Undergrad: 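Before anything else, here's the structure in question.
One-based numbering along the sequence shown. Atom set for the values below is all heavy atoms of this structure, side chains included, hydrogens, waters and symmetry mates excluded. No experiment lies behind these values; they were computed from the predicted model shown.
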Amino acid sequence: MSATALQAITARAPRSDGVEARQRLLYAALALFAANGYAKTSTREIARNAGVNISAISYYFGDKAGLYAATFGEPMGGNAGDFVQLYDAPDMPIEEALRIFFTHMIEPLKQGEIVRQCIQLHLREMLEPTSQWAEEMERDIKAPHKAIAGVLCRRLGLARPDDDVHRLTFAITGLAMQLFVSQDLVEAIRPSLLNTPRSVDTWAQRLTGYALALVEAEAVRRQAAAKPAAAPVRSGRKKT
C-alpha cells in the first residue's frame, strides 16, 4: 500500500469494529518491515504511520512479533495450510488440482504494491532471518511442495516421490514464483500481462496448461525409460 493510500484510509473515520484500524496497522507494518527489516522497525513508528495508538498493536496482534508474523500470511491470502487442503484431495483430477493451485497462488498479484512489499519482506527474511523463517519454510514452502509432489505421484502411479518428481514439483511451483520475482520486469516489457485482475486470471489458466504439459512430458519419459531395450539387429550373412 502506498503512502497516499494509507493516508486516505487514516483520514476516514475509523470503523467501530476496529477492522480498519487493524488493517492500517497491518499495512503500515508491512511497508516498514519490508523497507527496514524487523530489528530496525519500532512499534512506535508503525503506530504513528498507521495513525493509531501504540497500544493497538498489543490489542490486535499481541506484540511486535505477532504483527510481524501477520504481515507474512494475511496480505498473501492467509495460512498456506488451508490453501493446500483445497487441491490435495486424493480423488481430485490433476488438471483441477493444478488449476486451484495456480489460481490461489497468484491471486495476490492483483494487489499491486502490496504484493511487491510482501516479496521484499520475504527476500529480506531470507537474508536476515528471524524465528519467522523456520515457520515460513515449514508452512508456506515445504507444505505446498509436498502436496504438489503428492498430486504428481498420483498421476504418475508412484507410491512416493523420487528425485524426478521433486524436480518436476520445483519446475511447476517455479512457474508461479517467477511471476512474483519478475513482476517489475513483466510490467516493463508487457504491462498488459499483469495490469488487471482478468490478466492475472488468464495467467492462472495458462500456467495450468503449461504445468500439465510438463507432467505429460514426464509421463512419456518414464514410459520410454521403462521399455526393455530392443534386441540388436543381426546380419543375415553366414560365416564361411
Undergrad: Return the minimal non-hydrogen interatomic distance between Ala204 and Phe102, and the atom names on each side.
TA: O-CB, 4.0 Å
Undergrad: Just how far is it from atom CZ of Arg154 to atom CG of Asp88, taken to the nearest 0.5 Å?
TA: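 One finds 5.5 Å between CZ of Arg154 and CG of Asp88.
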Undergrad: With a 4.5 Å limit on heavy-atom distance, are the side chains of Leu127 and Leu123 in contact?
TA: no
Undergrad: How long is the gap from CG on Asp140 to CH2 on Trp133, to the nearest 0.5 Å?
TA: 9.5 Å
Undergrad: Any Lys/Arg nitrogen of Arg99 or Glu95 sitting under 4.0 Å from an Asp/Glu carboxylate oxygen of the other?
TA: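 No, Arg99 and Glu95 are not salt-bridged.
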Undergrad: What residues, two or more places apart in sequence or in another chain, satisfy ring-ring contact (aromatic ring centres under 6.0 Å, His included) together with Tyr38?
TA: Phe33, Tyr68
Undergrad: If you group Ile, Leu, Val, Met, Phe, Trp and Tyr by side-chain heavy-atom gaps below 4.5 Å, do Leu175 and Val181 land in one group?
TA: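 No: no chain of side-chain contacts under 4.5 Å links Leu175 to Val181.
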Undergrad: State, to 0.1 Å, how close Arg124 and Gly37 come at their nearest heavy-atom pair, and which atoms those are.
TA: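 Closest pair (atom of Arg124, atom of Gly37, distance): CD-CA, 3.2 Å.
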Undergrad: With side chains defined as the heavy atoms from C-beta onward, is the minimum distance between Ile148 and Leu152 less than 4.5 Å?
TA: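 Yes. Closest side-chain heavy atoms under 4.5 Å.
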Undergrad: I need the Gln132 CD to His122 NE2 distance, nearest 0.5 Å.
TA: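 Reported to 0.5 Å precision, the distance equals 8.0 Å.
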Undergrad: Under a 3.5 Å distance rule, please check whether Gln117 uses its side chain to pair with a backbone N or O of Leu30 as donor and acceptor.
TA: no
Undergrad: What pair of heavy atoms forms the shortest contact from Ala147 to Val84, and how long is it?
TA: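 Heavy-atom minimum between the residues: CB-CG1, 3.5 Å.
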Undergrad: What's the shortest heavy-atom distance between Ile57 and Leu25, and which atoms?
TA: CG1-CD2, 3.7 Å
Undergrad: With the side chain counted from C-beta on, respond yes when Phe101 and Leu207 share a heavy-atom pair under 4.5 Å apart, and no when they do not.
TA: no
Undergrad: Holding to side-chain hydrogen bond (donor to acceptor under 3.5 Å, both in side chains), I want the full list of residues that pass it with Asn53, two or more places apart in sequence or in another chain.
TA: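 Counting only residues at least two positions away or on another chain, Asn53 forms a side-chain hydrogen bond (donor to acceptor under 3.5 Å, both in side chains) with Ser55.
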Undergrad: Quick one: side chains of residues 186-195, donor-acceptor pairs under 3.5 Å with protein atoms, not counting sequence neighbours, listed by atom name and distance.
TA:
residue, atom, partner, partner atom, Å
Glu187, OE1, Arg116, NH2, 2.2
Glu187, OE2, Arg116, NH2, 3.2

Undergrad: Using the rule that Ile, Leu, Val, Met, Phe, Trp and Tyr join whenever any side-chain heavy atoms are under 4.5 Å apart, tell me whether Leu185 and Leu179 fall into a single cluster.
TA: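 They do not share one cluster, since no chain of ILVMFWY contacts under 4.5 Å joins Leu185 to Leu179.
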Undergrad: Let me check something: any side-chain donor-acceptor pairs from residues 164-171 under 3.5 Å, sequence neighbours excluded? List them with distances.
TA:
residue, atom, partner, partner atom, Å
Asp164, OD1, Arg167, NH1, 2.8
Asp164, OD2, Arg221, NH2, 3.0
His166, ND1, His145, NE2, 2.9
Thr169, OG1, Val165, O, 2.8

Undergrad: How far does CG of Asp162 sit from CZ of Arg222, to the nearest 0.5 angstrom?
TA: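 Asp162 atom CG to Arg222 atom CZ measures 4.0 Å (nearest 0.5 Å).
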Undergrad: How far does CZ of Phe61 sit from CD of Glu74, to the nearest 0.5 angstrom?
TA: 6.0 Å
Undergrad: Nearest heavy-atom pair of Ala21 and Val52: which atoms, and what distance?
TA: CB-CG1, 4.2 Å
Undergrad: State, to 0.1 Å, how close Cys153 and Arg160 come at their nearest heavy-atom pair, and which atoms those are.
TA: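 So the two residues come closest at SG-C, 3.5 Å.
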Undergrad: Looking at CD1 of Ile106 and CZ of Phe180, how far apart are the two atoms once the value is rounded to the nearest 0.5 Å?
TA: 7.0 Å
Undergrad: Could I get the full list of side chain to side chain contact (heavy atoms under 4.5 Å, CB included) partners for Gln178, not counting sequence neighbours?
TA: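 With neighbours one apart ignored, the set is Ser182.
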Undergrad: Name the residue from His104, Gln111, Lys110 that meets the side chain to side chain donor-acceptor pair (under 3.5 Å) definition with Glu107.
TA: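 That would be Lys110.
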Undergrad: Taking side chain as C-beta onward, heavy atoms only, is Val215 less than 4.5 Å from Ile172?
TA: yes
Undergrad: Under the rule for side-chain hydrogen bond (donor to acceptor under 3.5 Å, both in side chains), what residues qualify as partners of Thr130, not counting sequence neighbours?
TA: Glu125
